Every structure is written in structure tokens, then in C-alpha cells.
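Here the structure comes first, spelled out in C-alpha cells, and everything after it is commentary.
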Amino acid sequence: MWKTIQHLQTADAPDIIPHNVLADSYDRCRMLDVCETQRRIEDALSEWETRTFLQHNGRLVSFGNQVVKEYMGDIKEASDLFILTDGEGRVLGLWSRLEIVSAAHDIGLRPGASLAENSAGTNAVALALAMRDPVILRGEEHLCRIFHDWTCVAAPVINTDGDLVGCLDISAPKGPVYEKLALARSIARELGRLIGSKKSFGGVTIRQREVLALFSQGVSYKGIGNMLGISIKTVEEHLDAVRIKMGMDTRRACIKKAIEMGIL
């Protein structure tokens, strides 16, 4: 039932994850009762929840879309699938040829789907997030058979404060593994640099920054409150606090100032 890891104990495989790390992951999946024969990822947000999730992670999604497309170049003949997740392993975006993205959607791999171990078993994203290090995971090392045709490399996205904010995965049925790993690391580092710091900017707190970011995306006060679990009154108080700290006359004037300050 459960895959052995004897094939990891080979002298010519220095790039493979240590077998004890994989064994621990397999054990956790067994405790979580993850089915290795599952045909699709079932842990996925609803359409409305996905929109809210993507709005909440708007900056990372935006930077991801920008940076991944720059690195991908001409992908007309490429078989690589680029996957960006948040720090919990939930998918924020996928990039590849249309038919590859469509095939990923067929197995439930789409924005809002979870690649955490309790959802997708042992996989590169889950291990990279747990280890906070880049990883290579070959086909049958994945717990679930739906991933057995793919070799995956993943690198954690860490911001300038040292916080784990996401993961960048490149999956493909074939190709030079080390080149893909280097590419994943480069993209992850660039995203971490662009995301920058979550610490206060000019006295603006993390929560005030979150509220302002959602406000700048056109989310209503009620929508912001629902997303962050706060009242409409608290949303307005945060926006007023930002306005005062920035010395602006209106809440909307804060958006341009925030972009100039690097808050947004």
C-alpha cells in the first residue's frame, strides 16, 4: 500500500531529499489518512472563497504573474507548469501552455486548491514549505499517484523579514532538473525581494497595510471586514489612521502615497 523508499538509498542520487525526511512525510500522510490512489485534489476553495483568497494575496499574485511570465519566455513548446502558492501551500496561480493548465484543472490543481500534505500527500511544495529549503521530488516519490508522471522542484518564497510567504514550484514530465531548480530558486528570491517587508512603514502597521491594500483593489468596507474578520467600523478606523499617518486629506489619496512609500 505505502511506497517504500529503498530506491532513495542509491549512491548516484545526491540531489534527492534525504530518505528520513520523505519517510517522515509519508508517516504524517498515513496519520492524516491521505489516499495515495486519489484521482484529484479535493481540498479546494469555492469560487467565491477563491476570489477572496486571491484578493487577500493580491500583491504576491501580481508579482508572481509578472515575474513568472518574464522567466518563462516563449512557452509554446514548453511542458513546464509553474505553480505559486501561499505560505500554507494553497495555490495562487498556475502558468503554462493552455492544455497543460487545463489538464492540471482536471485533477483539481487550480487557484484555491491546497497542496498541503493533508490534501495532496507528499509533494514538493509541502516539503519546501516545511523545510524552508528548495527541494527536488521525482515521480514516484510523490505519495499520490496523480503526480507520479511529474518531477517537481520547489523553492520557498521568503520576504526580507525572513518570513515564509509562499512557494514557487516548477513541474514537468522531463527535462534538466538542476536547471529547473535554479530557476525556481531565482524566481522565489525575486518574489521575496519584491514582497519586501511586512514590518511597519512610516508607522503604518501590518493590519493597516492589509486594509489599505484591499481598499486599493476596490474591495468594499464590508468585504474587507469579512476577509479580515473585523467590523466595518474597524476597517474605517484603520483607513483613517493610515490617512492621518500619511498626512493625506482623503482615504483614496493614501493609495498613491502608499505606492510611493512601497507599502503597496
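Keep in mind it's a predicted model, so treat the numbers as computed, not measured. Residues take their numbers from the sequence shown, with the count starting at 1.
Counting only residues at least two apart or in different chains, salt bridge (Lys or Arg N to Asp or Glu O under 4.0 Å) contacts with residues 177-192 comprise D80-K180, E190-R193. Pairs engaging residues 118-131 under the salt bridge (Lys or Arg N to Asp or Glu O under 4.0 Å) rule: none recorded [sequence neighbours left out]. For residues 111-137, the pairs satisfying salt bridge (Lys or Arg N to Asp or Glu O under 4.0 Å) are R28-E117, with sequence neighbours left out. Applying the side chain to side chain donor-acceptor pair (under 3.5 Å) test to pairs two or more places apart or on separate chains, those with a residue in residues 211-228 are Y221-R251.
In this structure, R209 CZ and H238 NE2 are separated by 14.5 Å, a value rounded to the nearest 0.5 Å. Of the inter-residue distances, the one linking D161 atom CG with I195 atom CD1 reads 11.5 Å to the nearest 0.5 angstrom. One distance of note links CG of N65 with CG of L60; it measures 11.0 Å at 0.5 Å rounding. The distance from the CG atom of D33 to the CG atom of N118 is 11.5 Å, given to the nearest 0.5 Å. To the nearest 0.5 Å, atom OG of residue S186 and atom CG of residue L191 are 11.0 Å apart. Taken from CG in L54 to CD in E49, the straight-line distance is 12.0 Å, to the nearest 0.5 Å.
With T52 contributing its side chain and W48 its backbone, the two residues share a donor-acceptor pair below 3.5 Å. At least one donor-acceptor pair closer than 3.5 Å links the side chain of N123 to the backbone N or O of V125. Judged by distance alone, the side chain of H142 and the main-chain N or O of G139 form a donor-acceptor pair under 3.5 Å. Formation of a donor-acceptor pair under 3.5 Å by the Q38 side chain with backbone atoms of S119 is found in this model.
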Stepwise, does the side chain to side chain contact (heavy atoms under 4.5 Å, CB included) test hold for I187 with E70?
-> CA-CA 10 Å; I187 295 175; E70 287 178 359; over 6 Å; no
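Contact of the L183 side chain with the F82 side chain is registered, since non-hydrogen atoms from C-beta on lie closer than 4.5 Å. Side-chain contact between F147 and E141: absent, with no pair of heavy atoms (C-beta onward) separated by less than 4.5 Å. With a 4.5 Å cut-off on side-chain heavy atoms, L127 and L137 count as touching. A heavy-atom distance below 4.5 Å is not found between the side chains of T85 and L92. Between H56 and D86 there is no side-chain heavy-atom pair separated by less than 4.5 Å. In this structure the side chain of V34 reaches within 4.5 angstrom of the side chain of C144, judged on heavy atoms. Side-chain contact between L168 and V68: present, with at least one pair of heavy atoms (C-beta onward) separated by less than 4.5 Å. Side-chain contact check for I100 versus S79: some heavy-atom pair is nearer than 4.5 Å.
R207 pairs by the side chain to side chain donor-acceptor pair (under 3.5 Å) definition with E210, not counting sequence neighbours.
Pairing each heavy atom of G64 with each of L84, the nearest pair is CA-CD2, 3.9 Å. Across all their heavy atoms, L143 and C29 have their closest contact at CD2-CB, 3.6 Å. Pairing each heavy atom of C167 with each of A154, the nearest pair is SG-CB, 3.8 Å. Pairing each heavy atom of Y178 with each of I136, the nearest pair is CE2-CD1, 4.4 Å. Taking each heavy atom of I83 and S171 in turn, the nearest pair found is CD1-OG, 4.3 Å. The minimum heavy-atom distance linking D169 with A124 is given by the pair OD2-CB, 3.6 Å.
Other residues, nucleotides and ligands place no more than 12 heavy atoms under 6.0 Å from the CZ atom of R39. The number of heavy-atom neighbours closer than 6.0 Å to CD of E88, taken from other residues, nucleotides and ligands shown, is 12 or below.
R97 and E99 are joined by a salt bridge, as a carboxylate oxygen and a charged side-chain nitrogen come within less than 4.0 angstrom of each other.
Hydrophobic cluster membership differs between I244 and L212, with clusters built from Ile, Leu, Val, Met, Phe, Trp and Tyr side chains linked at under 4.5 angstrom.
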Could you pull out every donor-acceptor pair under 3.5 Å between side chains of residues 106-116 and any protein atom, sequence neighbours left out?
residue: R110; atom: NH2; partner: L45; partner atom: O; Å: 2.7
residue: S114; atom: OG; partner: A116; partner atom: N; Å: 3.1

